[in-house]
Amino acid sequence: MLTAMRYVTLALLAGLGTAQATTPDPELNAIAAKMKARHIEVDKLQRLSPHLVELTIKGERVYTTTDGDIMLFGQAVQFDKDNRPTNLSTAANWEQVRDMIQSGRAVTYKAAHEKASLAVFTDFTCGYCQKLHEQIGELNAHGVSVSYLPYPRSGPNSPSFEQMRAAWCEKDVKQALSSLFRGAQMPARSCANADAVNEGWALGQKVQLQGTPTLMTPGGQIYTGYRSVPDIMKLLGV
């Protein structure tokens, strides 16, 4: 394990240039200065807690103590007063997910009386995604709004990728998605809205999805795999 971590560390840090990040926070600037002395280029620094700082290095998130002397590689999880976890390593991706939802690039099944919301990376060729899709009405009835982010697992230029792009070009994307889940075929189409499929795929790669469906709760906590309606209600605390 130590050997593996050593190679990960070297891969991230070797050959990097001068630190560029500066902030109004003197303590963070001191960390940036230490990184510069180590020839580590830091794109961004942000304080996660009084004792932990997140560094972005070549797109990778690394953590350090506030004196900059200990660096941690991996995932940071924060627990709230009710012992509910938030993965700080993925929480930053929630902003992009939320932007897709708010702009309409994701497809949202809105609950009439919303109590909670859930984002789902989905693929119509995935059997468990279809099973979850069949429960959208029940989730809505329980006050849970569900937003779909397209993530065709086979990747760009594959038949399923192009089918999802075609669905996003339809006037009624929800109906088009339901048709795909039922096994319908759609002629290839290209439009501005279809770029949401490319964006969903890229975001899924960034989050390092392990499969579909992948559920993301507000704040960025990720749950891989199918969950029943009662399980989802429990996850959301409703």
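Not measured: the values here are computed from a predicted model.
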Distance, nearest 0.5 Å, that separates [atom1] of [X] from [atom2] of [Y]:
X	Y	atom1	atom2	result
I222	M216	CD1	CE	4.0 Å
I57	D43	CD1	CG	8.0 Å
D123	L149	CG	CG	13.0 Å
N193	K171	CG	NZ	13.0 Å
I136	F181	CD1	CZ	8.0 Å
W168	L177	CH2	CG	4.5 Å

Taking side-chain hydrogen bond (donor to acceptor under 3.5 Å, both in side chains) as the definition, give me every residue that meets it alongside T64, ordered by chain and number, with sequence neighbours left out.
none
V42, L55, T65, D67 screened by side chain to side chain contact (heavy atoms under 4.5 Å, CB included) with I31, the one that passes
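Result: among V42, L55, T65, D67, L55 is the only option passing the side chain to side chain contact (heavy atoms under 4.5 Å, CB included) with I31.
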If the test is side chain to side chain contact (heavy atoms under 4.5 Å, CB included), which one of Q130, M164, H133, R182 qualifies with F124?
M164
Sequence neighbours excluded, which residues qualify as side chain to side chain contact (heavy atoms under 4.5 Å, CB included) partners of [X]?
X	result
D172	K174, Q175
L72	L52, Y63, I70
A167	A176, L180, M186
C169	R189, C191, A194

Could you label the plane-to-plane angle of the Y148 and Y109 rings as parallel, tilted or perpendicular, counting under 30° as parallel and over 60° as perpendicular?
perpendicular
Only pairs under 3.5 Å count here: list side-chain donor-acceptor contacts from residues 226-238, not counting sequence neighbours, and write none if there are none.
| unit_1 | atom_1 | unit_2 | atom_2 | d |
| --- | --- | --- | --- | --- |
| Y226 | OH | Q135 | OE1 | 3.1 |
| Y226 | OH | Q135 | NE2 | 2.8 |
| R227 | NH1 | T224 | O | 3.1 |
| S228 | OG | D231 | N | 3.3 |
| S228 | OG | D231 | OD2 | 3.2 |

Yes or no on side-chain contact (heavy atoms from CB on, under 4.5 Å) for L48 and V53, after CA distance, side-chain angles and deciding distance?
CA-CA 5 Å; L48 299 181; V53 173; over 6 Å; no
So, Q210 side chain and Q208 main chain: donor-acceptor pair closer than 3.5 Å or not?
yes
Would you say N140's side chain and V144's backbone share a donor-acceptor pair under 3.5 angstrom?
yes
Filter on disulfide (SG to SG under 2.5 Å), then keep only pairs touching residues 200-238, sequence neighbours left out; what's left?
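Listed once each, the pairs would be none.
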Can you tell me which residue pairs pass the disulfide (SG to SG under 2.5 Å) test with a partner in residues 99-152, sequence neighbours excluded?
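Checked against disulfide (SG to SG under 2.5 Å) - neighbours excluded - no pair reaches residues 99-152.
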Quick check: do [X] and [Y] have side-chain heavy atoms less than 4.5 Å from each other?
X	Y	answer
K115	H142	no
T122	T212	no
V120	T214	no

Check salt bridge (charged side-chain N to carboxylate O under 4.0 Å, His left out) between [X] and all other residues, then give those that pass, not counting sequence neighbours.
X	answer
E27	R47
K110	E114
D69	K34, R38

Check this for me: Y128, atom OH, are more than 12 non-hydrogen atoms of other residues, nucleotides or ligands nearer than 6.0 Å?
no
Let me have the donor-acceptor pairs involving side chains of residues 195-205, under 3.5 Å, with sequence neighbours excluded, atom names and distances please.
| unit_1 | atom_1 | unit_2 | atom_2 | d |
| --- | --- | --- | --- | --- |
| N198 | OD1 | R165 | NH1 | 2.5 |
| E199 | OE1 | R105 | NE | 2.7 |
| E199 | OE1 | R105 | NH2 | 3.4 |
| E199 | OE2 | R105 | NH2 | 2.8 |
| Q205 | NE2 | Y151 | OH | 2.7 |

If you look at every heavy atom in S154 and F161, which pair is closest and at what distance?
OG-N, 4.4 Å
Give a yes-or-no answer on whether the side chains of T125 and S160 include a donor-acceptor pair shorter than 3.5 Å.
no
